[in-house]
Amino acid sequence: TDDNAATRTRLVEGGWEVYGELPASALSREKVPLKGQSWQVSFGRYDYHADGTFTLSSTSKLTRPSYHRRHEWMEILFQ
C-alpha cells in the first residue's frame, strides 16, 4: 500500500461515515492526468451478523445487496 493512503470510519446516527484518501498513483499506473475523467465507483462494506446474514452499506443506491451491480454505481468526476 502507498504510505499516503488514509481511511477513517465512524458510526453516526442511522449508519456510518467514511473518509478515504488515495494518491492518484494508486488509481492509475499510467502517467496521465485524471482531471476531466469520469469513473463509475461504489464504496461499500459488508457487516456480517452472528446468524450468518449480512448488511451491505454502499455509496450507491443498489436495488439488491450486491456490489456487482455496476449499472447502479455512482459517477465521480476528477476535477
Would you list the pairs meeting salt bridge (Lys or Arg N to Asp or Glu O under 4.0 Å) in which at least one residue belongs to residues 52-62, sequence neighbours left out?
none
Under a 4.5 Å side-chain heavy-atom rule over Ile, Leu, Val, Met, Phe, Trp and Tyr, are V18 and V12 clustered together?
no
Once side-chain contact (heavy atoms from CB on, under 4.5 Å) is applied, do any residues pair with Q37, and if so which ones, sequence neighbours excluded?
V32, L34, W39, F78
If you take all heavy atoms of P65 and L56, which pair is closest and at what distance?
C-CD2, 3.5 Å
Residues at least two apart in sequence or cross-chain that pass salt bridge (charged side-chain N to carboxylate O under 4.0 Å, His left out) with E17, listed by chain then number, are R10
Could you work out, with side-chain contact (heavy atoms from CB on, under 4.5 Å) as the rule, every residue matching R69, not counting sequence neighbours?
L62, T63, R64, S66, H71, E72
According to side-chain contact (heavy atoms from CB on, under 4.5 Å), who are the partners of T53, at least two apart in sequence or on a separate chain?
H49, D51
S42 meets the side-chain contact (heavy atoms from CB on, under 4.5 Å) criterion, sequence neighbours left out, with S58, T59, S60, W73
